[in-house]
There are 2 protein chains.
Amino acid sequence: MMMDTHHSNKQTKGAITKHKIIVEARDLFYRQGFAATSTAQIAKKVGVSEAALYKHFKGKMALLLATVEPERPHDQEVSYFSTLSNLDLLGAWTEQLISTVFHNRPQYTIIFSESPRHPELSENYIRHLHQLTNADKELLTRMDKGQLPKLDLVLFQVGIIGSFLAMLTHKRIYEPTLNLQDIPEDIRHTLISIVEGKLFQQ
Amino acid sequence: MMMDTHHSNKQTKGAITKHKIIVEARDLFYRQGFAATSTAQIAKKVGVSEAALYKHFKGKMALLLATVEPERPHDQEVSYFSTLSNLDLLGAWTEQLISTVFHNRPQYTIIFSESPRHPELSENYIRHLHQLTNADKELLTRMDKGQLPKLDLVLFQVGIIGSFLAMLTHKRIYEPTLNLQDIPEDIRHTLISIVEGKLFQQ
DNA sequence: GTCTATAAATGGATAGAC
DNA sequence: GTCTATCCATTTATAGAC
């Protein structure tokens with residue numbers, strides 16, 4: 001009845017089904033939005049009955065929460081970041097951030113678009129955004145030492161992610177054929193330039 | 001039956017009702033999202049029956065389209081912008097952009113969040129974003145002359161707006177008591193610094 | 001132009017058999 | 001753990017009276 005949520009390896013039949021449900025629900029929430037997606041549609045896509053779906057999740061809301069767990073970025077060693085110049089550190093920080101967001105687009109898109117309506121989601125959101133990577137820590141250290149100007153890193157991060165997701169959406173709308181396997185070069189360039197402060201520098 | 005949609009002055013009773021419907025629907029779409037808002041809820045808030053609502057709009061979709069018409073920014077004279085230094089022009093451009101977005105938050109929020117799902121909305125979106133202000137034109141002129149680096153202005157604009165809306169949402173979530181009558185200073189500062197390229201400049 | 005009443009379909013969620 | 005069948009509230013939208 002409780003399923004083996006404490007296992008990360010999906011071995012039992014039930015766990016496999018549960019995982020499938022999460023994957024398909026995430027895809028639908030991402031593409032159609034939470035409210036516009038019905039549990040019937042999810043069940044159909046997974047190939048199970050709605051009743052089965054409700055054995056794995058208490059409700060649609062519990063399912064939403066399960067779909068937004070982002071994977072951690074491939075974090076580098078602290079020592080690596082500490083060797084970088086300010087500019088290179090900022091570049092590496094940005095690269096890591098947008099790479100993480102890009103490879104977890106569905107999760108981030110769902111969180112950013114549904115958070116205002118679902119406070120439960122915000123908790124998840126801050127839990128991840130506030131979890132500092134080594135690049136974050138190195139940035140904060142240098143801000144403390146006065147080597148970099150101080151700013152609200154979380155707010156800035158939110159801004160960068162919001163900007164990134166908006167540009168990706170824009171491109172998808174006007175180039176529907178676009179295959180988004182890699183981060184489009186113009187978007188990457190714009191973001192890196194923004195962070196490194198050379199957007200309108202001559 | 002067709003109402004006087006060609007008049008901008010809301011004089012007749014029907015037109016007043018129609019305007020009220022748009023205002024209340026916009027507010028609900030903004031706060032709850034399109035899919036999560038029912039026509040019954042809108043009608044109740046306006047104080048009319050659903051049937052009346054459907055006399056003014058063919059369907060929920062037509063109503064959505066009616067809610068996202070942004071007002072034009074208070075555009076300055078070209079001569080004003082042409083006197084500015086590059087940095088001041090960028091500052092003025094950003095100020096005008098975020099001011100327009102801020103005072104039409106519901107419209108921009110709805111457009112940005114619902115566009116991926118509703119292609120009809122995208123047309124509206126590009127119609128407005130592509131409509132160049134005088135500040136836009138001056139920027140493009142200087143890019144052409146090589147006085148400023150060239151970049152995709154629309155994509156950049158989308159990025160700035162996405163960033164702005166995300167930061168506003170972030171603040172609203174973590175400071176629910178916040179009275180958003182003016183643009184929060186930290187957000188304005190972050191955006192201006194981004195555009196002027198002095199975010200991490202020392 | 002606005003109402004009441006209602007159609008017709010779909011929404012989330014559960015009971016109970018296997 | 002999964003199914004069929006079903007409950008009941010809500011959904012968009014319309015018919016027809018006033």
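Within every chain, numbering begins at 1; the chains are lettered A, B, ... in the order of the sequence lines, protein sequences first and strands thereafter. These figures come from a predicted structure and were not determined experimentally.
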In the 5'-to-3' direction, what one-character label does each nucleotide of nucleotides 4-18 of chain D receive under the scheme B = base within less than 4.0 Å of a protein heavy atom, S = sugar-phosphate only, - = no such atom?
B------SBBBB---
Could you list the residues that satisfy side chain to side chain contact (heavy atoms under 4.5 Å, CB included) with S49(B), not counting sequence neighbours?
A51(B), A52(B)
Taking atom C1' of dT2(C) as reference, at what distance in whole Å does atom NZ of K20(B) sit?
13 Å
Residues two or more places apart in sequence or in another chain: which of them pass ring-ring contact (aromatic ring centres under 6.0 Å, His included) with Y174(A)?
H170(A)
With sequence neighbours left out, write down each residue that passes side chain to side chain contact (heavy atoms under 4.5 Å, CB included) with L178(A), or none if nothing qualifies.
K171(A), E175(A), L180(A)
How close or far is atom P of dG12(C) from atom NZ of K44(A), stated in whole angstroms?
15 Å
Tell me whether R127(B) is salt-bridged to E69(B), with the criterion being a basic N under 4.0 Å from an acidic carboxylate O.
yes
Those residues at least two apart in sequence (or on a different chain) that pass ring-ring contact (aromatic ring centres under 6.0 Å, His included) with F112(B) are Y125(B)
Show every salt bridge (Lys or Arg N to Asp or Glu O under 4.0 Å) that has at least one partner inside residues 30-41 of chain A, sequence neighbours left out.
D27(A)-R31(A)
Specify the separation, in whole Å, of atom CG of L63(A) and atom C1' of dA13(C).
13 Å
State, to the nearest 10°, the angle formed by the axis through the first five base pairs of the helix from dG1(C)-dC18(D) to dC18(C)-dG1(D) and the axis through its last five.
0°
For atom CD1 of I16(B) and atom C1' of dT2(C), their distance in whole Å
15 Å
Short of 4.0 Å, heavy atom to strand atom, which residues of residues 113-121 of chain B count as contacting DNA chain C?
none
Only counting residues at least two apart or in another chain, list the ones meeting side chain to side chain contact (heavy atoms under 4.5 Å, CB included) with S38(B).
A40(B), Q41(B)
Who are the ring-ring contact (aromatic ring centres under 6.0 Å, His included) partners of F34(A), not counting sequence neighbours?
F29(A), H118(A)
Just to verify, what does L151(A) make a side chain to side chain contact (heavy atoms under 4.5 Å, CB included) with, not counting sequence neighbours?
M143(A), L153(A), F156(A), L199(B), F200(B)
By side chain to side chain donor-acceptor pair (under 3.5 Å) - contacts of E138(B) (at least two apart)
R142(B)
Separation of dA13(C) atom C1' from I21(A) atom CD1, nearest Å, is 14 Å
Any chance you could lay out the salt bridge (charged side-chain N to carboxylate O under 4.0 Å, His left out) test for R188(B) and E95(B), step after step, and finish with the verdict?
CA-CA 8 Å; R188(B) 161 182 272 119; E95(B) 274 293 350; 2.9 Å; yes
